[in-house]
Amino acid sequence: MPTFPLTVPDPVWRRQVHEGDGAHPDAGGYQVPADLVVAPILRWMSGDGVSSR
């Protein structure tokens with residue numbers, strides 16, 4: 001799943017990138033894409049949403 005298009009609208013991510021080097025946020029900004037990928041991974045690992053064939 002591409003996370004960049006989902007992080008750009010987030011105000012924390014944008015502010016931290018702007019205040020930093022222009023490409024990388026601080027820890028709070030990295031939490032945004034982490035939240036996007038961790039929840040689906042945990043659901044997958046728990047078996048939720050997995051089809052039983």
Please check if [X] and [Y] belong to a single hydrophobic cluster, counting links between Ile, Leu, Val, Met, Phe, Trp and Tyr side chain heavy atoms closer than 4.5 Å.
{"X": "Val12", "Y": "Tyr30", "result": "no"}
{"X": "Leu36", "Y": "Phe4", "result": "no"}
{"X": "Val8", "Y": "Val17", "result": "yes"}

- If every non-hydrogen atom of Pro33 is compared with every non-hydrogen atom of Trp13, which pair is closest and at what distance? CD-CD1, 4.5 Å

- Query: Distance-only, no hydrogens or angles: does the Asp26 side chain make a donor-acceptor pair with backbone N or O of Gly28 under 3.5 Å?
  - Reply: no

- Query: What is the distance from atom CD of Gln16 to atom OG1 of Thr7, rounded to the nearest 0.5 Å?
  - Reply: 12.0 Å

